[in-house]
J.: 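Encoded as structure tokens, here's the structure I'll be asking about.
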Amino acid sequence: MIPFGDLRLQYQAIKVELDNAIQSVLDSGWFILGKNVAAFESEFAAYCGAAFAVGVGNGTEALQLALMACGIGPGDEVITAPNSATFTALAISAVGAVPTFVDIHPETYNLDPQRLEEAIGTRTKAIMPVHLYGQPADMDPILDIARRHNLFVIEDAAQAHGALYKGHPVGTLGDVGCFSFYPSKNLGAFGDGGMIVTNNPEIADKVRMLRNGGQKSRYDHQLLGMNSRLDELQAAILRVKLRYLDKWNERRRHIAALYTALLGDSTVEPPVDMPYAKHVYHLYVIRCKERAALQKYLAEQGVETAIHYPTPIHLQKAYRWLNLGRGSFPIAEQYAEEVLSLPIYPELTDAKVRQIATYIRDWHA
Ligand SMILES: *Cc1c(COP(=O)(O)O)cnc(C)c1O
């Protein structure tokens with residue numbers, strides 16, 4: 001049996017360090033917004049080459065707080081990709097703005113910059129590119145269009161900790177970058193967690209207030225904020241794990257390269273590493289016309305796979321009111337029927353990768 005993921009393996013590999021970090025928080029008696037959060041914020045900012053980082057409750061709220069800090073709200077529209085986790089759009093809805101979409105580029109699976117300009121309307125205030133599966137979106141043309149139309153760029157980097165675009169870390173390419181530390185992400189907590197990074201001191205200050213009830217100092221509520229604080233336990237755990245992130249990402253890239261080499265002459269479509277990107281392979285996603293049959297066959301061999309994501313955001317029931325029916329974003333819709341995520345995590349052995357690739361090569365629809 002090869003599971004799609006097993007978070008116990010990572011814990012076991014660095015158990016002593018993690019246990020010590022957890023114990024020291026328990027001994028400190030301080031649990032919310034303390035020394036570990038402050039230290040993790042500066043360590044993560046340095047890792048991203050950002051001037052500021054602010055720890056928040058989760059990735060969805062990181063996006064929501066970034067939008068709030070940019071002054072985006074009711075009456076505004078934000079453009080994003082229809083093939084992301086629906087949480088991307090839910091963050092836009094949470095501030096009262098309306099998500100609008102641009103179809104994806106067939107090779108990158110990310111928002112297609114060629115289609116971006118035609119989607120910009122008078123209410124558009126921001127673009128939220130998603131670095132899906134760990135591969136950065138093509139940011140230069142996106143930033144160029146945003147500059148010309150005076151739009152904010154808020155990066156959804158929830159799947160792309162450590163990814164590079166033309167040598168620059170994601171998160172600092174636009175105005176704000178948003179990360180999730182959901183347990184299975186490349187950098188994952190033992191619960192929920194999130195972070196915004198930015199080089200803009202005003203945005204950083206605003207998010208710092210907004211995440212903690214809009215307070216400037218204790219009991220001085222200056223903004224209509226929320227409660228979206230990172231806790232000390234998660235920060236202490238993430239500080240330990242951050243030291244391993246580059247090593248883990250290199251292992252993911254090695255596994256991906258092995259899959260891609262082995263699947264070269266198979267009937268499935270492997271992902272493409274764009275020349276401008278350092279892809280960190282949060283997910284290794286192939287495409288297959290007979291996906292259901294392949295997934296069933298792999299399950300029979302003991303290989304667990306997953307689908308990211310089976311329903312494009314605009315076709316979710318929650319977004320029926322947008323009146324964007326089938327056919328609105330044909331590439332995203334076609335890919336939703338064809339994508340299949342194979343197991344990829346640092347602890348997965350080369351032997352298992354070879355075994356999975358052999359099953360796929362031997363399979364006939
Ligand atoms: C995980 C994820 C989110 C949401 O992050 P949470 O921490 O689960 O709230 C948003 N966007 C993308 C692309 C994600 O993968």
Side-chain angles (χ1 to χ4, degrees), residues 4-5 7 40 44 53-68 78-95 99 101-102 104 108-111 126-137 139 153-163 170-171 173-174 176-197 207 211 226-231 234-235 237-238 241 249 252 271 277 279-285 306-314 316 318-319 332 335-336 339 341 344-345:
F4 184 70
L7 296 176
F40 179 53
F44 195 74
V54 185
V56 300
N58 55 63
T60 308
E61 289 173 352
L63 295 167
Q64 183 183 343
L65 287 159
L67 289 160
M68 288 166 82
V78 178
I79 300 173
T80 190
N83 63 336
S84 184
T86 299
F87 289 93
T88 305
L90 292 177
I92 297 166
S93 299
V95 302
F101 305 98
V102 166
I104 55 169
T108 67
Y109 297 44
N110 279 320
L111 187 156
I127 305 166
M128 188 175 277
V130 182
H131 305 308
L132 200 70
Y133 308 149
Q135 171 139 271
M139 291 300 288
V153 174
I154 299 171
E155 296 171 63
D156 183 341
Q159 303 189 353
H161 322 67
V170 300
L173 305 162
V176 201
C178 301
F179 292 86
S180 162
F181 305 122
Y182 183 79
S184 61
K185 299 287 159 88
N186 289 30
L187 180 60
F190 289 165
D192 279 312
M195 184 80 89
I196 71 105
V197 300
V207 172
R211 72 168 172 186
M226 54 199 272
N227 176 357
S228 182
R229 300 177 294 227
L230 186 62
D231 69 69
Q234 302 310 333
I237 290 158
L238 290 163
K241 290 196 182 188
N249 279 344
R252 287 175 180 271
H279 193 326
V280 292
Y281 287 97
H282 171 57
L283 296 168
Y284 186 88
V285 179
I307 297 169
H308 299 90
Y309 294 94
T311 307
I313 301 171
H314 64 286
Q316 292 284 353
Y319 281 116
Y335 282 18
V339 288
S341 306
I344 187 164
Y345 37 97

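Residue numbers start at 1 and run along the sequence shown. As a basis for the values below, the full set of heavy atoms in this structure was taken, side chains included, without hydrogen atoms, waters or symmetry mates. Remember, it's 1-based here, ligands and their atoms both numbered in the order they're listed. Remember, predicted model here, so these are calculated numbers, not experimental data.
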J.: Name the orientation class of the two ring planes belonging to Tyr281 and His279 (parallel below 30°, tilted from 30 to 60°, perpendicular beyond 60°).
T.: parallel
J.: So does Met128 get a backbone contact from the side chain of Thr80, meaning a donor-acceptor N/O pair under 3.5 Å?
T.: yes
J.: Examine the proximity of ligand 1 to Asn58 and report which part, side chain or backbone, both or neither, has a heavy atom under 4.0 Å away.
T.: both
J.: Measure Lys185 to ligand 1 on non-hydrogen atoms and call it side chain, backbone, both or neither using the 4.0 Å cut-off.
T.: side chain
J.: Under 4.5 Å between any side-chain heavy atoms of Ser341 and Val285, yes or no?
T.: yes
J.: Which residue from Ala89, Ala62, Ala158 reaches closest to atom 3 (C) of ligand 1 through any of its heavy atoms?
T.: Ala158
J.: At less than 4.0 angstrom from any non-hydrogen atom of Gly59, what atoms of ligand 1 do you find?
T.: 5 (O), 6 (P), 7 (O), 9 (O)
J.: Tabulate below the donor-acceptor pairs under 3.5 Å that side-chain atoms of residues 184-194 make, not counting sequence neighbours, or state none.
T.:
residue : atom : partner : partner atom : Å
Asn186  : OD1  : His282  : ND1          : 3.0
Asn186  : ND2  : Asn249  : OD1          : 2.9
Asn186  : ND2  : Val280  : O            : 3.0

J.: Side-chain contact test, heavy atoms from C-beta onward, threshold under 4.5 Å: evaluate it for Tyr335 versus Asn83 and give yes or no.
T.: no
J.: Taking only heavy atoms of Thr88 into account, list the atoms of ligand 1 that are under 4.0 Å away from them.
T.: 11 (N)
J.: Return the residue, atom name and 0.1 Å-rounded distance of the protein heavy atom closest to atom 9 (O) of ligand 1.
T.: Thr60 OG1, 2.6 Å
J.: Report the part of Val130 in contact with ligand 1, treating N, CA, C, O as backbone and CB onward as side chain, heavy atoms under 4.0 Å; options are side chain, backbone, both, neither.
T.: side chain
J.: By number and element, which atoms of ligand 1 are closer than 4.0 Å to a non-hydrogen atom of Ser84?
T.: 13 (C)
J.: Examine Asp156 against ligand 1 and note whether any of their N/O atoms are separated by less than 3.5 Å.
T.: yes
J.: Report the nearest protein non-hydrogen atom to atom 15 (O) of ligand 1: residue, atom name, distance rounded to 0.1 Å.
T.: Gln159 NE2, 2.8 Å
J.: Could you check if a side-chain atom of Ile344 sits within less than 4.5 angstrom of a side-chain atom of Tyr133, using non-hydrogen atoms only?
T.: no
J.: Using the benzene-type ring in the case of Trp, are the ring centres of Phe44 and Phe181 under 6.0 Å apart?
T.: yes
